Every structure is written in C-alpha cells, then in structure tokens.
Amino acid sequence: MRTATLGPAERVEALADMAERELDVLVVGAGVVGAGTALDAVTRGLSTGIVEARDWASGTSSRSSKLIHGGLRYLEMLDFALVREALKERGLLLERLAPHLVKPVPFLYPLQHKGWERFYAGSGVALYDAMSFSSGHGRGLPVHRHLSRRGALRVAPCLKKDALVGAMQYYDAQMDDARFVTTLVRTAASYGALAASRARVIGFLREGERVVGARVQDVEAGVAYEIRAKQIVNATGVWTDDTQALIGERGQFHVRASKGIHLVVPKDRIHSSTGLILRTEKSVLFVIPWGRHWIVGTTDTEWDLDKAHPAASSADIDYLLEHVNTVLATPLTRDDVEGVYAGLRPLLAGESDATSKLSREHTVAHPVPGLVVVAGGKYTTYRVMAKDAVDEAVHGLDQRVAPCVTEDTPLLGAEGYRALWNARARIAARTGLHVVRVEHLLNRYGSLTEQILDLIAEDPALGRPLAAADDYLRAEIVYAASHEGARHLDDVLTRRTRISIETFDRGTLSARECAELMAPVLGWDELQIEKEVEHYDKRVEAERESQRQPDDLTADAARLGAPDIVPI
C-alpha cells in the first residue's frame, strides 16, 4: 500500500501523475459517493484518479444529519428494498468497515395517542429491527424497547409531561460525515488512487462521440491539466446537471436540490440521555446527540439558488425551534443556538412535485461513451452507489476487471482500533494525555491516532488544546494540513474539525491560532495568514447575516457577500 498522506506535496504530485498517463477511471467529485467510487475502482486493480473542485465533502457530504441509518420513515412509504439495503450497510460500517467512525446512537419516539399508535409505530420499529438482523449485520445494536410515560421521562426529562403518553426507544448510528469522506479518500490513496482537491473540471476531452478525458484547473496555482481516462464517473451530486452541461448534451435524468438546515445547541440546553425523533407535518425532526452538543434538524424545502453555499434563513431557524419546542419543557431560543448549517440533498427529479417525497433511490447512467453518471441515493448507501457506478464503468473497459471488494475493505484506522481502545488507559499514561483526550483521538482517527501522538512527541506544545475550542488538540490542526488535504482555514474549522458550528463565536476566536499552526505546513507567510483569517471572518459574518434574513432569496444574497476563494 502507498502512503495515505494527502499533504501539499502529494497533491501537486498527484495532479502531475494524472496528466502523464491515461487512467482507467477518473472520478469527478469527492463527496461520499465520489470518494467511495474511487476506493471501489482502485481496489479492483484499476488505475484511478479523483478530483474535487473545492475541499473533500465540501458540498452535501459535510452538511448532513450525520446519521448512518436505515431510514425508518421509508418503511412507512413501503420502500422495503431501500431500508433493507441501508440496514445492511449500517451493520457493515459499525462492525467491519469503520467501527472507529460510526457509532450507535439511541432515539426516543414519543407516543401521543394511546393504543393504536403504540401498535402501529411498534410494528414498524419491530420490522426495522428484524430487517437489520436478517441482513446478517445487525447484532451490533440493541433492539427497540417500549417505555411508559414515566420511563420515557426518566431517560428524557426535557420532555413536557403532556407531550407524550408513552414512548419507544430504538437505535441507529451516527458519524462525522466530513471526516468519514476524508478517510475514504485517504483509504483510496493508500491503495494507489491519485487524489487532488481544489482541482476543478472545466471541460471534457472528446474524440468523436466519446469522452476520453477532462480539462482540470488547479484552482490554487491557476495551471490547467489535460487528464485522459478510459472512463469518467460524474459523481457531483447537486452539481450533476452543471457537470453534464460541459459535454453539451442533455442528461438522461435531472437532479433537484432540497435544502435541509440544522441547528447546534449546547448539551446542557436539552436534559436527555437519548436522542429524539419527532413527527412534523412534512417529515420527521431529529434531536441528535453530538458530543457536548445536540444537532436539531432538519427542514426539507426546494432550493434553486447558489449551490455552493446554501443559506439558512430566519424562517428556517424559526421552523425548527417552533417544532422542537412543542415537546420541550424548557423551550430553546435563538440565544441557545451555537451553530447553523445548511446542506442540499440531491434528489432525482420527476417523481413528485414535493421534494420531501422525491426518491432517495439512486440512478446510474452511461449518457455518452466514456462517461458514467451516478446520482441520487443517501449517505448510508454510498458504497452500493459506488459499486453500481464502477460496474457500469467496467462495461466500457476492454479488459477483465475483478468484482467489488469494498464490503471487505476496512477504512484507514479501522484495523487495530478495538485493541487500541482497550489499551486507551495505557496510551494515556504513556503520552501524558488525559484518557478522555485519547478516546477523542481514537474515535476520530482510529489506529492512525499514533500519527497524532508522534506529532505531539516531537513538539509537546501540540498536545495542548486550542485556546477557544478546547475539544480539539493543536496537533489535530497540523495533521489536517499535513495529512488530510486541508488547504485553507475554512477546511479545518468547518470540516476537519467542527469548530465552526460547535462554538458560539463560530470559530472566529480560533482562526488565528489555527492559521499559525497550518502556516509552516502550507508555506504561508504572515500576509497569507492575515488573508486566511480575514476571509474566514467574512464568511462567518455573511452566514450570520443570512440567518437574519426572512426568506431564501434575501438569505442567499447575504451569504454571497463573502468571497468563495482565499486569494493566494
């Protein structure tokens, strides 16, 4: 296996290597589906490259509800195949592929009607558990249980007594979505895939009807490359139609964007030992445990404005607060909100006018020779989408190709994770870190934690927490730039860590400290440090301003007030 380091030198080398020879597969887009496709292709023995216009997971895949789940509400839609498929993937991730990143999480479903609702909802959750077990990968989670009102209030004292007559508790799983994607890309690189972020496809190379490559611009250096590939996979999510337009032909399907926003509030604002799932008139609302915080979401509204930076309006925030407060004894207010983030779901168009009813199924197409398109789907089933995309690409290759092996290919950090977890007290004693710090690192990096500890051994100052975001160690910021492909301050504060949504200052108080830690790795001088901090401050202010606006149009205009690219 090659190095999984994605530092600045490796990025430049990857772009040059991609331009020097014809690849078997070039993946465009490094969200969870694109990253999964690169891993699938390279582990079949195909020469593989992956390019991303911005940062890993900078679109939809860093702005989800952070859940790995079967989709309980899809049972109500009688979409049994999708639920069964997702539950199998949930089990694989928990047990085999990424136990360091994917963790069980309990949810309480309050019942508001006696008798029939417990039978109706209980039957659905029982079927959910049964389908999980029948997949062969469901033994890692406890089965659901029924609770009386007193029992429900014992585990969730935050609830109003008159908001429920009883409850059910069941389990799903969660992860840090952006960290998961970064790990996927690094795993693909460790098997030989060439990976470059901040590398935008600006056109496709054609020979007659066939697509034979892509013109890729290094956004950082301004240099353009011609990268030739036997097959290109377009995995650009909500940008699918835009990417298809570069070949000058209409796609076989269209992707619509549905906006979902989430609020982040401190742990002490909601007194509960379990997450919550609540019904709304349109969909469901989750209250999700998230370290020392809660995530509250989500909305589901059509979005046809700026795709790069979907904006949360004041109306969106009010909607979530109003709905969650219907069951909370102590209501949440605007002052309780630490962070807000908005993401876009890529939904296949044409099945319904309401985005909340569009299918989460995925589609793979081969619109022209040499180009495969994969779109739709949900985060949990990324591996199946990637397999289907590579299977389709293989049809266009004039060679025998091995079948998919990603069901048995753990992500980086998974091997040895459980042994290190069992030894966490000994690691803490050896390194001088508190055992809670060691647990934090193991649950973010798995067995790669040793690389973080090596940085601290070389420079003990890196073992200190950040001054204004003490959940994270200074070493993690250096590591993000040296090993995980972080190119800018926004990459670190928004995706490698979650400081941008986990602090009331939205990361502005940590910006300079982080920029100074990144500077030696990325070769920044004092002027560039100033630019990075200024750019981040403007981004946060633009987001705050957008969240004060009454509707999508005004919120979008306010968010676009901050520049997208940091000048070099």
Side-chain angles (χ1 to χ4, degrees), residues 31 57-67 73 174 176-178 237-238 256-266 269-270 275-288 290 293-326 328 331-347 354-356 358 360 378-379 494-495 498 500-504 506-507 539-562:
S58 54
T60 301
S61 294
S62 61
R63 308 178 194 189
S64 73
S65 297
K66 324 273 185 255
L67 293 177
R73 72 188 179 105
Q174 71 175 162
D176 183 325
D177 47 11
V238 293
R256 284 169 60 182
S258 166
K259 183 181 72 169
I261 84 143
H262 296 80
L263 310 179
V264 182
V265 300
R269 301 308 197 269
I270 300 175
L276 306 174
I277 178 172
L278 312 170
R279 274 190 177 277
T280 71
E281 66 275 14
K282 296 179 182 177
S283 183
V284 294
L285 184 72
F286 286 103
V287 179
I288 306 164
W290 181 253
H293 318 268
W294 297 96
I295 294 175
V296 180
T298 180
T299 58
D300 197 344
T301 54
E302 190 164 359
W303 179 265
D304 57 7
L305 301 169
D306 179 63
K307 295 188 185 79
H309 303 291
S313 68
S314 180
D316 292 327
I317 296 170
D318 287 344
Y319 172 88
L320 289 181
L321 290 175
E322 177 187 338
H323 279 77
V324 76
N325 284 339
T326 60
L328 294 181
L332 295 176
T333 69
R334 287 288 187 109
D335 291 339
D336 295 318
V337 177
E338 291 174 290
V340 181
Y341 65 94
L344 300 178
R345 303 176 191 87
L347 302 177
T355 59
S356 60
L358 283 173
R360 299 309 300 273
K378 56 202 292 284
Y379 199 111
T494 307
R495 286 172 291 278
R498 293 303 187 158
S500 67
I501 57 172
E502 292 175 347
T503 58
F504 281 103
R506 307 280 174 96
R539 195 212 85 159
V540 170
E541 183 48 45
E543 286 190 348
R544 287 189 188 277
E545 183 61 29
S546 72
Q547 291 154 21
R548 290 189 280 265
Q549 303 306 310
D551 55 41
D552 283 352
L553 275 173
T554 51
D556 180 63
R559 177 60 187 87
L560 292 178

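Just so it is clear, the model here is predicted, and its values are computed rather than measured. Just so you know, these numbers use all the heavy atoms, side chains as well, and skip hydrogens, waters and symmetry mates.
A salt bridge is defined here as a Lys NZ or Arg NE, NH1 or NH2 lying under 4.0 Å from an Asp or Glu carboxylate O, and Arg498 with Asp176 meets this definition. By the 4.0 Å N-to-carboxylate-O rule, Glu541 lies too far from Arg544 to be salt-bridged with it. Salt-bridge annotation for Lys259 and Glu302: absent, with no side-chain N of the basic residue lying under 4.0 Å from a carboxylate O of the acidic one.
A 4.5 Å side-chain heavy-atom check between Leu332 and Ile270 finds at least one atom pair inside the cut-off. No side-chain heavy atom of Gln547 sits under 4.5 Å from any side-chain heavy atom of Ile261. Ser500 places a side-chain heavy atom less than 4.5 Å from the side chain of Arg539. Counting heavy atoms from C-beta on, the side chains of Glu338 and Arg269 never come closer than 4.5 Å. Between Ile295 and Lys66 the shortest side-chain heavy-atom distance falls below 4.5 Å. The shortest side-chain heavy-atom distance between Asp300 and Arg345 falls under the 4.5 Å cut-off. Using a 4.5 Å heavy-atom threshold, the side chains of His262 and Leu320 count as separate.
Contact detail for His323 and Leu285: the closest heavy-atom pair is CB-CD2, 3.9 Å. Nearest approach of Ser65 to Ile288, heavy atoms of both residues: O-CD1, 3.4 Å. Across Ala562 and Ala542, no two heavy atoms sit closer than the pair CB-CB, 3.7 Å. The heavy-atom pair separating Arg506 from Gly339 by the smallest distance is NE-CA, 3.8 Å. Considering every non-hydrogen atom in both Phe504 and Pro266, the closest pair reads CZ-CG, 3.8 Å. The nearest pair of heavy atoms linking Gly237 to Pro346 is C-CB, 3.9 Å.
When atom types are taken as modelled, the side chain of Thr60 and the backbone of Gly343 share no donor-acceptor pair closer than 3.5 angstrom. For the pair Ser313 (side chain) and Asp552 (backbone), a donor-acceptor distance under 3.5 Å is absent. Side chain of Asn325 to backbone of Glu322: no donor-acceptor contact under 3.5 angstrom is found.
The line from OG1 of Thr333 to CG of Asp335 is 4.5 Å long, rounded to the nearest 0.5 Å. Rounding to the nearest 0.5 Å gives a distance of 11.5 Å between CG of Leu344 and NE2 of His309. The distance from atom OG1 of Thr554 to atom CZ of Arg548, rounded to the nearest 0.5 Å, is 12.0 Å. Atoms NE2 and CG, from His293 and Leu263 in turn, are 14.0 Å apart once rounded to the nearest 0.5 Å. The distance from the CG atom of Leu328 to the CG atom of Leu276 is 7.0 Å, given to the nearest 0.5 Å.
In summary, the side chains of Gln174 and Trp290 do not present any donor paired with an acceptor at a separation below 3.5 Å, with no hydrogens or angles considered. Using a 3.5 Å distance cut-off with no hydrogens or angles, the side chains of Arg334 and Ser314 do pair a donor with an acceptor.
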Candidate pair Tyr341 and Val264, rule side chain to side chain contact (heavy atoms under 4.5 Å, CB included), full reasoning: CA-CA 8 Å; Tyr341 65 94; Val264 182; 4.2 Å; yes
Side chain to side chain donor-acceptor pair (under 3.5 Å) assessment of Ser64 paired with Asp177: CA-CA 7 Å; Ser64 73; Asp177 47 11; 2.6 Å; yes
Verdict with supporting geometry, Trp303 and Val238, side chain to side chain contact (heavy atoms under 4.5 Å, CB included): CA-CA 10 Å; Trp303 179 265; Val238 293; over 6 Å; no
